[in-house]
4 protein chains.
Amino acid sequence: MGVYERQQKEKKILEAAIQLIGEKGLHATTVDDVAKKARISKGLVYFYYKSKEDLYMAITKKGFDELKELFHKAFGKSKEKTGLEVMTDLSESYLAFAREKKVFHDAVLHFLGLLDQYRVDKEMVNPLVRDSQFFSKLVQSHHDLAKLGIKAISTGIKDGSIRPDLHAESTFYTLWSMMIGYCRISGSISLEPGEIKINTESWKNGFKRLFFEILKGSNTPSVSPPVQGKLF
Amino acid sequence: MGVYERQQKEKKILEAAIQLIGEKGLHATTVDDVAKKARISKGLVYFYYKSKEDLYMAITKKGFDELKELFHKAFGKSKEKTGLEVMTDLSESYLAFAREKKVFHDAVLHFLGLLDQYRVDKEMVNPLVRDSQFFSKLVQSHHDLAKLGIKAISTGIKDGSIRPDLHAESTFYTLWSMMIGYCRISGSISLEPGEIKINTESWKNGFKRLFFEILKGSNTPSVSPPVQGKLF
Amino acid sequence: MGVYERQQKEKKILEAAIQLIGEKGLHATTVDDVAKKARISKGLVYFYYKSKEDLYMAITKKGFDELKELFHKAFGKSKEKTGLEVMTDLSESYLAFAREKKVFHDAVLHFLGLLDQYRVDKEMVNPLVRDSQFFSKLVQSHHDLAKLGIKAISTGIKDGSIRPDLHAESTFYTLWSMMIGYCRISGSISLEPGEIKINTESWKNGFKRLFFEILKGSNTPSVSPPVQGKLF
Amino acid sequence: MGVYERQQKEKKILEAAIQLIGEKGLHATTVDDVAKKARISKGLVYFYYKSKEDLYMAITKKGFDELKELFHKAFGKSKEKTGLEVMTDLSESYLAFAREKKVFHDAVLHFLGLLDQYRVDKEMVNPLVRDSQFFSKLVQSHHDLAKLGIKAISTGIKDGSIRPDLHAESTFYTLWSMMIGYCRISGSISLEPGEIKINTESWKNGFKRLFFEILKGSNTPSVSPPVQGKLF
DNA sequence: AATGAATGAGTCTTCATTCAT
DNA sequence: TATGAATGAAGACTCATTCAT
């Protein structure tokens, strides 16, 4: 079988897995399901991927790749965009990505969780995962991604669209955190028992405003005299 | 058996579960494990908790309770603290909580995930969970917690320690998102292959600064003329 | 506690069990369910009944008793009824009993099954059952019941309402069989996919006619010349 | 693995199940038992049969098939037998079947019970059963079987061996009921405490006679004047 | 008499993974 | 390459029964 057919088959498996995991979640998706959806045998899935984990790492890789592409798109023809504009577009598309391609976003976050474990104690991470050829690739992908984001901010600082006193690296990670946290809880606010006057939409706007202000600085001058006392 | 002994036993089970889940994760922890660690029979676990899910919800409840207490502590004798100070302390202790009591923080986030599902389609949520007496309690806990956080910000706005143009609700949720996201990825940055000049510590500082500036406004005047084009 | 209260409590347990088993079946009814419905503790159920089997045997006993009463009622003031009339009424009320008090009828049949096992090999029968004080009582009840039925037929033979060439014992058992079998399958005939032109109602009539004819003889003279050949 | 080996293995599982259920009953037979007896792993049982219920339905199917074959055999070369003869042979072999292949007979009756439930309320029937591919097959088998029995009686009516005033359908179901009831209780009559002069053998004869007379009519003229009152 | 906490053996079922073909 | 039968280790949950109080 030629390289081409081989790749086709790998792709078919991956696509099947992505769709199924998207519908039912990783845990509820069995290797058998994937094989059936890809119209191949279970054994062949194991021929292409060493384990279910391995398959999921392939998905994670694809997740990083799509994310990277998304970052690149945000840059556009970079000459024509300020760093701030890049970041604005990026935030928009990142949020859309997390919503519409939840499988990928989940996979990426799952990987970050593994990385966390790995740092605490390498032994904690499943060897099948740790020693997989994918693992180091993913570490690299993660790194590349962060670099892109950081670059956007640096650019913005240089071109004056982003305030100069920011530290690009930590700002990027902070903004990323914001977005990750936003995705995590945006679905759960404002259930029936009210008192809290907020809905998904109004929060979204508030969120974006603060996101933007972090980069640009708030127009409102900071509270004058640094905190001039609680009660007059 | 008195109420006291009963509660002791419930506590013993809960503690065993908390420890095990903390070490191995929810999925990898079996009810059998919990029973063994608590030195009781598996059946008894089911006598006190209807299901593994139910047990996990009890943990979640405890998580919310601890979190609420933590919020209360941040308020301190409220007369003596500005809203900003409350929020500063809160962020500090929240981050510590998420690190040191990961099980609880995970449980709380897991519950927010359920709430998300519930909003999309109630049927998606496991009936065992949905119809549990815990479920509505947790919804309430979530709500109470948010109210506390929002109150801190409102207070700060009133006492002038937080900039007045903020919308308390969405600001709270945004800051919460930031912290959640921070916890999610702070463990995974700056693995070996460098280029990116950042480490956990430096990011933490950057993060806190931005967190703080959101509330106070940035001292640096915002990039003058509101972004009037990239360069020229 | 007086004898009276004791009996009241036993009765309460029994009634709870009867209702629950009627609704959910023996297997699906737990001792806990019964205790709860009777508003007593599980332990107390075991105080009054040695085991779940024992409780079921008490129900069986009650089933036999109700059946016996039903037989007695069918006799009425026996002076005023022919044996045939008794049997006709009996068949009617037996069928109603089996339908409306399914729990009891099932229990009685279940017991007959045990008896069957017992005859093949006593060891097969659960000792808890076999050695129960109920067991021999039930054997006696069964016997008494049969005697009543047989008596009805004998009476009918003597009073000329039932054909004289019948053997009372085997006729009774045969008719009982018919009714048991009828109850067993009457609910399952004539599902959708037709061709067979029969419905529950028409069969019921056919059944009754044949039941009646067994006792009375068929009006139609038996097929003349004993079977005069298949094809002339 | 060829189709043949596959069928062999299915058969092995089936046979193990049949034997075990025959010895211990459905409830007391575990899937593990079956696997062990068939010398395979438990997982493989579930590979061939979706559930224990499914396995039992396969047994039921086999029961219907054997029963159908038995009916066909009773017909023999139909040209040479009257309908009455067919029915006589049928009753004989049916009774033998119910005795010697109790598992199958029980399974068939169990299915009729399901059908009953299904008619009352489809929801009552376990979905695993209801939606099984076996279910509709079994409905069909049941139907086919009844058709064969009815045909035997119709034939007998046409060829003059069975009395012409009978309604084939309801007569068949009535006779089937008789046999089912007979099987149900024949094992339980005449235990020790006597008075009732009957034994299994004598009843069997009485039963057959009445069975036969239903079809042929009783030679004894029916009790003259239709029961014109009890005595006077 | 009465309670209900406690037990533990059991039951079905699932699934990642392997391997003979 | 490709198949899919086969494995076996779990794992969640149930329930009749017991027993200390």
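Just so it is clear: chains get the letters A, B, ... in the order the sequence lines come, proteins before strands, and each one is counted from 1.
- Atom-to-atom, NZ of D/Lys11 to C1' of F/dA5 comes out at 20 Å; the value is rounded to the nearest Å.
- Checking F/dC13, E/dC12, E/dT17 against every side-chain atom of D/Val31, the shortest atom distance belongs to E/dC12.
- With the nearest nucleotide of DNA chain E identified for both C/Gly43 and D/Ala28, C/Gly43 has the one nearer the 5' end.
- C/Asp32 has its CG atom 11 Å from the P atom of E/dG4, to the nearest Å.
- Under 4.0 angstrom from either OP1 or OP2 of E/dG4 there lies no side-chain N or O belonging to C/Ser41.
- Of the candidates E/dT7, F/dA12, E/dC12, E/dC12 carries the atom nearest the D/Tyr46 side chain, counting heavy atoms from C-beta on.
- Rounded to whole Å, atom P of E/dA16 lies 15 Å from atom CZ of D/Phe47.
- Pairing for E/dT14 is with F/dA9, a Watson-Crick or G-U wobble pair whose two hydrogen-bonding atom distances lie under 3.5 Å.
- A/Lys9 has a side-chain polar atom (N or O) that falls below the 4.0 Å cut-off from OP1 or OP2 of F/dA2.
- What separates NZ of D/Lys50 from C1' of E/dT13 is a distance of 13 Å, to the nearest Å.
- A sub-4.0 Å separation between OP1 or OP2 of E/dC12 and a side-chain N or O of D/Lys52 is present.
- Phosphate proximity of E/dA6 to B/Tyr48: present, with a side-chain N or O under 4.0 Å from OP1 or OP2.
- In the interface, the side chain of C/Lys42 is not paired with the base of E/dT3 through any donor and acceptor atom under 3.5 Å apart.
- Nucleotide E/dT3 holds its P atom 19 Å from the CD atom of B/Glu5, rounded to whole Å.
- Considering only the side chain of B/Leu128, F/dC13 comes nearest among F/dA6, F/dC13, E/dT3.
- With rounding to whole Å, A/Tyr56 atom OH is found 14 Å from E/dA16 atom P.
- Between D/Arg39 and C/Leu26, it is D/Arg39 whose nearest contact on DNA chain F lies nearer the 5' terminus.
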B/Glu123 and B/Arg130: salt bridge (charged side-chain N to carboxylate O under 4.0 Å, His left out), yes or no, with the steps?
CA-CA 9 Å; B/Glu123 303 305 315; B/Arg130 200 177 48 201; 3.8 Å; yes
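- Look at OH on C/Tyr49: it is 13 Å from P on E/dA2, rounded to the nearest Å.
- Cation-pi geometry between B/Lys137 and B/Phe134 is met: under 6.0 angstrom from the ring centre, within 45 degrees of the axis.
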If you apply the rule side chain to side chain donor-acceptor pair (under 3.5 Å), what do you find for A/Ser51 with A/Asp54, and how did you get there?
CA-CA 5 Å; A/Ser51 66; A/Asp54 198 48; 5.4 Å; no
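- Annotation: the span from D/Tyr48 atom OH to D/Leu44 atom CG amounts to 5.0 Å, rounded to 0.5 Å.
- With both pairing distances under 3.5 Å, E/dA20 is matched to F/dT3 as a Watson-Crick or G-U wobble pair.
- In this structure, the nucleotide among E/dA5, E/dT13, F/dC13 sitting nearest to the side chain of D/Ser51 is E/dT13.
- E/dA5 atom C1' lies 11 Å from atom CD1 of B/Ile13, rounded to whole Å.
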Check step by step if side chain to side chain donor-acceptor pair (under 3.5 Å) holds for B/Gln19 and B/Glu15.
CA-CA 6 Å; B/Gln19 187 177 336; B/Glu15 274 165 6; over 6 Å; no
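- The aromatic rings of B/Phe111 and B/Phe64 sit perpendicular, their planes meeting at an angle over 60°, well past the 30° parallel limit.
- Mapped onto DNA chain E by nearest heavy atom, C/Ile40 and D/Leu44 fall at different nucleotides, with C/Ile40 at the one closer to the 5' end.
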